[in-house]
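The sequence lines fix the lettering, A, B, ..., with proteins before strands; numbering per chain opens at 1.
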Protein chains: 2
Amino acid sequence: MDAREILKQHIAKTATLTDEEFDHVFSHFARHSFKKGQAIISAGDKAEHEYFVLEGCLKSFYINDDLKMFILQFAMPTWWASDFDALYSGARATINVDCITDAEVLSLHNTDREKLCREIHQMEHFFRWRTNRGYVAAQKRLLSLMNNDARHRYEELLQMYPQLYNIVPKNLIAAYLGVSRETLSRLYQHGK
Amino acid sequence: MDAREILKQHIAKTATLTDEEFDHVFSHFARHSFKKGQAIISAGDKAEHEYFVLEGCLKSFYINDDLKMFILQFAMPTWWASDFDALYSGARATINVDCITDAEVLSLHNTDREKLCREIHQMEHFFRWRTNRGYVAAQKRLLSLMNNDARHRYEELLQMYPQLYNIVPKNLIAAYLGVSRETLSRLYQHGK
DNA sequence: GTGTTTATGTGATGCAGGTCACTTTGAGAC
DNA sequence: GTCTCAAAGTGACCTGCATCACATAAACAC
């Protein structure tokens with residue numbers, strides 16, 4: 001399935017667009033291919049685009065002063081990634097986005113998203129719902145982080161996104177869960 | 001300042017409405033007075049409304065199987081509170097909302113929010129931005145929870161919301177930070 | 001292929017913060 | 001006022017997870 005069709009079906013789940021409207025929307029996206037390990041947004045950059053994943057897997061992450069990495073999100077096909085704080089506020093990025101595997105993405109400029117939201121009511125609706133889902137997911141993750149131990153969070157993650165197990169190295173899973181890679185490794189030593 | 005004016009100015013920060021449009025919007029809100037300690041949404045309820053705070057302070061929180069409380073949000077004047085997951089998905093509430101102090105609020109039914117978003121493009125814009133801000137704030141809190149220790153998170157919270165110090169008891173602050181009340185109490189024993 | 005980097009496992013040790021138990025202070029209710 | 005209950009402080013003890021150190025093993029570059 002081509003990029004156009006993937007995006008069209010993705011948006012159609014939340015918003016109703018005519019074919020002409022979708023053509024107009026799609027004309028604001030640009031396609032990019034990235035290699036495994038390649039950076040898409042680096043801390044300090046201006047974050048001007050958000051990215052819709054067609055193929056592969058991205059991660060968005062923060063690096064603290066001790067160079068420790070914390071993963072905010074893994075982005076699989078039909079997910080969106082960016083430094084949303086910087087994107088909306090116009091500030092420099094503090095979040096990085098890069099490629100865990102080779103990836104195909106569509107980029108949308110911040111200005112164009114706002115333009116599309118102004119022009120087409122249904123696009124504003126679409127982006128409202130996309131953010132809604134992100135907000136609710138972030139709140140659930142906050143509660144899980146406060147309430148559950150490392151093992152529980154690990155099993156929760158694998159149950160929710162089984163595909164991750166095969167694609168994402170354990171050190172990155174640890175950086176998502178908020179535990180050290182050693183602790184994650186020890187969770188299942190000698191079979192559970 | 002009356003309820004109408006507070007809401008009007010709050011919305012005007014993000015969206016442009018004519019007076020007629022605002023009158024229409026405002027007609028969907030209902031005003032309520034609550035007493036300190038009173039519950040607004042309880043786990044198991046249908047969550048059908050979201051609440052805009054005019055006066056006082058609410059909290060939204062989760063209670064786990066061990067009856068331990070985790071606070072998702074304090075809601076001060078011009079903040080919104082609800083179980084947004086249940087509200088949007090139609091599921092039963094898992095989050096509670098109640099009053100830390102006596103409070104004056106405006107309620108908006110889920111159905112009416114969606115109706116207003118359909119009728120008035122600018123209202124869809126308003127709610128998109130409201131959720132944006134919530135999403136970004138939740139992501140920052142996730143990072144802080146993974147990256148910083150209890151003392152750091154406490155100082156961060158007080159710096160961001162100094163008003164909380166006088167209004168909100170320490171055991172609730174602890175439930176927000178994700179530490180025990182004993183640990184929070186010990187942070188500043190014998191003056192720092 | 002060979003050398004280099006990245007991912008993973010595992011032992012030893014330390015500490016932040018949890019839990020339990022008890023005390024003190026303060027705010028309402030009457 | 002007095003009684004009750006919630007909030008807050010503190011000691012003693014325990015534990016989940018971090019950190020450091022080193023050993024494999026697998027992936028990648030050339």
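- For the helix from C/dG1-D/dC30 to C/dC30-D/dG1, the axis fitted to the five pairs at one end and the axis fitted to the five pairs at the other end meet at an angle of 60° (nearest 10 degrees).
- The aromatic rings of B/H10 and B/W80 lie tilted to each other, with the angle between the two planes from 30° to 60°.
- No more than 12 heavy atoms of other residues, nucleotides or ligands sit less than 6.0 Å from atom NZ of A/K46.
- Between B/Y188 and B/Y154, the two ring planes are tilted [angle within 30° to 60°].
- Contacts of A/G37 with the nucleic acid, taken as non-hydrogen atoms under 4.0 Å apart, are absent.
- The shortest distance between the side-chain N/O atoms of A/K68 and the OP1/OP2 oxygens of D/dA18 is not below 4.0 Å.
- Computed from coordinates, the B/N148 CG to C/dA16 P distance equals 15 Å when rounded to whole Å.
- For the side chain to side chain contact (heavy atoms under 4.5 Å, CB included) test with A/L106, the passing option among A/R31, A/H32, A/E50, A/R4 is A/R31; the others fail.
- Rounded to whole angstrom, the span from the CG atom of A/L184 across to the P atom of C/dG9 amounts to 8 Å.
- Ring planes of A/F34 and A/Y51: perpendicular class, angle over 60° (limits at 30 and 60°).
- The CG-P distance, from B/N147 to D/dA18, rounds to 13 Å in whole Å.
- A/V53 and A/M76 are assigned to two separate hydrophobic clusters, defined by single-linkage of ILVMFWY side chains at heavy-atom distances under 4.5 Å.
- Neither OP1 nor OP2 of D/dC17 sits under 4.0 Å from any side-chain N or O of A/T183.
- Regarding B/L187, its CG atom lies at a distance of 12 Å from the P atom of D/dT10, rounded to whole Å.
- Hydrophobic clustering, with ILVMFWY side chains joined whenever heavy atoms are under 4.5 angstrom apart, groups B/I6 together with B/M123.
- For B/R186 and C/dG18, a side-chain-to-base donor-acceptor distance below 3.5 Å is absent, hydrogens and geometry of angles not being considered.
- Here C/dT19 presents its C1' atom at 16 Å from CG of B/L67, a figure rounded to the nearest Å.
- Linking Ile, Leu, Val, Met, Phe, Trp and Tyr whenever their side-chain heavy atoms come within less than 4.5 Å leaves B/I100 and B/V105 in two separate clusters.
- Ring centers of A/F52 and A/W79: at least 6.0 Å apart, outside the cut-off.
- When all heavy atoms of A/N96 and A/S42 are compared, the pair lying nearest together is OD1-CA, 3.5 Å.
- At whole-Å resolution of the value, CE in A/M146 and P in C/dG18 are 12 Å apart.
- Figure legend: cation-pi geometry between A/R141 and A/Y176, with NZ or CZ positioned under 6.0 Å from the six-membered ring centre and within 45° of its axis.
- Taking the six-membered ring where tryptophan is involved, the planes of B/H121 and A/H121 are essentially parallel, since the angle between them stays under 30° and well short of 60°.
- Here the side chain of B/S185 is nearest to one of D/dT10, D/dA18, C/dT19, namely D/dT10.
- The distance between atom OH of A/Y188 and atom P of C/dT8, rounded to the nearest whole Å, is 15 Å.
- For residues 157-177 of chain B, proximity to DNA chain C is found at no residue, defined as any non-hydrogen atom under 4.0 angstrom from a strand atom.
- The distance between atom CD1 of A/I100 and atom P of C/dA7, rounded to the nearest whole Å, is 11 Å.
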Where do N or O atoms of nucleotides 21-29 of chain D meet protein N or O atoms at under 3.5 Å, pair by pair?
from: D/dC28; atom 1: OP1; to: A/K36; atom 2: NZ; distance (Å): 3.0

